[in-house]
Amino acid sequence: MELFNVYPLTPINIVRAKGSAVWDEQGNEYLDLYGGHAVISIGHTHPHYVETISNQLNKIAFYSNSVLIPIQRQLAGQLGDVSGKSDYSLFLCNSGAEANENALKLASFHTNRKKVIAFSKSFHGRTSLAVAATDNPAIVAPINQTDNVVFLPFNDEDALTQAFAAYGEEIAAVIIEGIQGVGGIREASIPFLKLIRQLCDQYGSVFIADSVQCGYGRTGTFFSHDYSGVDADIYSMAKGMGNGFPIGGIAISPKFQASFGMLGTTFGGNHLACAAAVAVLDVMKQDNLMDNAAQVGSYLIEELKKFDKVLEVRGRGLMIGIELPTELSHVKKDLLMINKIFTGEAKPNVIRLLPALNITKEIADRFLTAFDERLKA
């Protein structure tokens, strides 16, 4: 049997990793400033992370959600403490798409409505509802297509106000990334997020903050939407939550009432996944990683703005987009092949930086030096 060929692969086989370094099978070292789409939040193979998962594995790796799993409550308590959302409830699942799927489903249950507002260049996942709310026709199959999702221009307050005026009583939810990742590191404005909150309150709709890539401390606050000073009704999370172990979840405001069978999952919240997530929160708190993300991220952003050939630097904390002229779209590949630095991209010419939250200024300087070399080449 062959693999179903859906991934354009870089011909590098990574066999070992530690911190922000990875090594291929030939022993070549690379700097990882992408972390597999913002997944590596506390560095590869962090000792506390490895120890916590190993200890859990030696006790029990899995049982279903039909029994008491105390580590789930431990995770929820720590998450409430670190995020500042201690009055919210936690539902655990396995991925970001599944988190958004459950967020949208819960919003529909709560409002008894079907319509969802999403935005241009959004990415919310590849499963049925999540992909329907994703602005990329290439990955939306005919069976996923629905008239229930309305796409509006990102950060367009007039369009949002008009949409609510037209069919506000039908809108179950508004879903928005605090910073669009696949969409090119585009930040939702504070007035726009405040308007979403205001209109959702006015019309009884649900504000869903997609924090799958932009959350979990990456921007210097726990959820990137926090910089607006408003609270969403549901926060979805995944990627950085398990530092590579598959886990996702939604933080749910007190306005929602749970009932048996409303949501469910076989693997979500299993012992090993929760152990991974607990270890991540331990390290984030002990090492003040949100502060580090804010400080090192601000340094990187300010230094990147000094390059003449850079058209724009966008983002916050350690979620950074570097827009280059079209003729320099090869720089991302050259950084990997020549300087051995992994970065991401938003096609065709935006380099995405999504490193571990504990990178140092020295690592940032190593990237800046290599980036300077590539722009002068």
Side-chain angles (χ1 to χ4, degrees), residues 17-22 32 35-63 68-96 99 211-224 226 235-251 267-297 317-319 354-360 363:
K18 184 176 182 180
S20 291
V22 297
D32 183 11
H37 313 301
V39 167
I40 301 302
S41 50
I42 61 169
H44 292 281
T45 61
H46 189 286
H48 178 65
Y49 174 81
V50 173
E51 181 183 17
T52 303
I53 294 176
S54 299
N55 289 342
Q56 183 61 59
L57 182 59
N58 284 317
K59 295 173 185 174
I60 179 172
F62 172 82
Y63 206 80
L68 295 174
I69 303 177
I71 196 172
Q72 292 181 348
R73 292 185 179 274
Q74 179 186 348
L75 172 57
Q78 289 184 236
L79 184 59
D81 176 48
V82 176
S83 69
K85 303 288 192 290
S86 58
D87 59 336
Y88 282 54
S89 300
L90 178 64
F91 174 77
L92 291 164
C93 54
N94 306 284
S95 69
S211 300
V212 170
Q213 184 173 131
C214 60
Y216 239 78
R218 177 152 296 280
T219 60
T221 56
F222 194 82
F223 296 115
S224 63
D226 289 343
Y235 295 86
S236 59
M237 62 198 101
K239 295 189 184 299
M241 190 175 185
N243 201 51
F245 201 103
I247 184 170
I250 51 176
F267 297 107
N270 68 76
H271 298 75
L272 271 184
C274 288
V278 162
V280 168
L281 290 175
D282 286 344
V283 175
M284 285 181 65
K285 186 172 183 178
Q286 290 165 10
D287 295 349
N288 298 312
L289 294 194
M290 286 192 285
D291 287 344
N292 188 71
Q295 292 169 16
V296 179
L318 291 174
M319 186 169 185
L354 298 163
L357 306 186
N358 52 6
I359 68 162
T360 61
I363 289 176

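Along the sequence shown, residues are numbered consecutively beginning with 1.
Not a single ring pair (Phe, Tyr, Trp, His ring centres under 6.0 Å) links His48 to another residue, sequence neighbours left out. Listed by chain and number, the residues in a side chain to side chain contact (heavy atoms under 4.5 Å, CB included) with Thr45 are Lys18, Val50 (sequence neighbours excluded). Residues forming a side chain to side chain contact (heavy atoms under 4.5 Å, CB included) with Ala238 (at least two apart in sequence, or on another chain): Val212. The side chain to side chain donor-acceptor pair (under 3.5 Å) check on His44 picks up Asp32, with sequence neighbours excluded. Not counting sequence neighbours, the partners of Phe62 by the side chain to side chain contact (heavy atoms under 4.5 Å, CB included) test are Ser64, Thr266, Phe267, Asn270. In terms of the side chain to side chain donor-acceptor pair (under 3.5 Å) criterion, Gln295 has no residue partners (sequence neighbours excluded). Residues passing the side chain to side chain donor-acceptor pair (under 3.5 Å) test with Asn243: none are found, sequence neighbours excluded. Taking Asp282 as the reference, nothing meets the salt bridge (charged side-chain N to carboxylate O under 4.0 Å, His left out) condition, with sequence neighbours excluded. Qualifying ring pair (Phe, Tyr, Trp, His ring centres under 6.0 Å) partners for Tyr63, counting only residues two or more places apart in sequence or in other chains: none. Tyr235 is linked by a ring pair (Phe, Tyr, Trp, His ring centres under 6.0 Å) to Tyr88, Phe223, counting only residues two or more places apart in sequence or in another chain.
The line from CG of Leu92 to CE of Met237 is 8.0 Å long, rounded to the nearest 0.5 Å. Asn358 CG to Ser20 OG: the interatomic distance, rounded to the nearest 0.5 Å, is 6.0 Å. In this structure, OG in Ser211 is found 11.5 Å from CE in Met241, a value given to the nearest 0.5 Å. Remark: Ser224 OG to Tyr216 OH distance equals 14.0 Å, nearest 0.5 Å. Remark: Leu272 CG to Ile71 CD1 distance equals 8.5 Å, nearest 0.5 Å.
Looking at Asn94, its side chain never comes within 3.5 Å of a backbone N or O of Pro246 through a donor-acceptor pair. The closest donor-acceptor contact from the side chain of Arg218 to the backbone of Pro355 lies under 3.5 Å. In this structure, the side chain of Gln78 does not engage the main chain of Leu281 through any donor-acceptor pair within 3.5 Å.
For the residue pair Ser41 and Val280, the shortest heavy atom distance occurs at OG-CG1, 3.7 Å. Here the closest non-hydrogen pair linking Ala61 and Leu57 is CB-CD1, 3.8 Å. Listed here is the closest heavy atom pair of Ala273 and Ile247: O-CD1, 3.6 Å. In terms of heavy-atom proximity, Gly249 sits nearest to Ala99 at O-CB, 3.5 Å. The two residues Ala294 and Gly220 make their nearest non-hydrogen contact at CB-CA, 4.0 Å. Here the closest heavy-atom approach between residue Gln213 and residue Leu354 is recorded as OE1-CD1, 3.5 Å.
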I would like to know whether Gln56 and Val278 meet side-chain contact (heavy atoms from CB on, under 4.5 Å); could you show each step before the answer?
-> CA-CA 11 Å; Gln56 183 61 59; Val278 162; over 6 Å; no

Quick one: do Val82 and Phe222 satisfy side-chain contact (heavy atoms from CB on, under 4.5 Å)? Show the steps, please.
-> CA-CA 7 Å; Val82 176; Phe222 194 82; 3.8 Å; yes

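Annotation: salt bridge (Lys or Arg N to Asp or Glu O under 4.0 Å) contacts involving residues 44-54, sequence neighbours excluded, are absent.
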Distance-only check: which donor-acceptor pairs under 3.5 Å involve side-chain atoms of residues 284-293, not counting sequence neighbours?
| unit_1 | atom_1 | unit_2 | atom_2 | d |
| --- | --- | --- | --- | --- |
| Lys285 | NZ | Asp81 | OD2 | 2.7 |
| Asn292 | ND2 | Leu357 | O | 2.7 |
| Asn292 | ND2 | Ile359 | O | 2.9 |

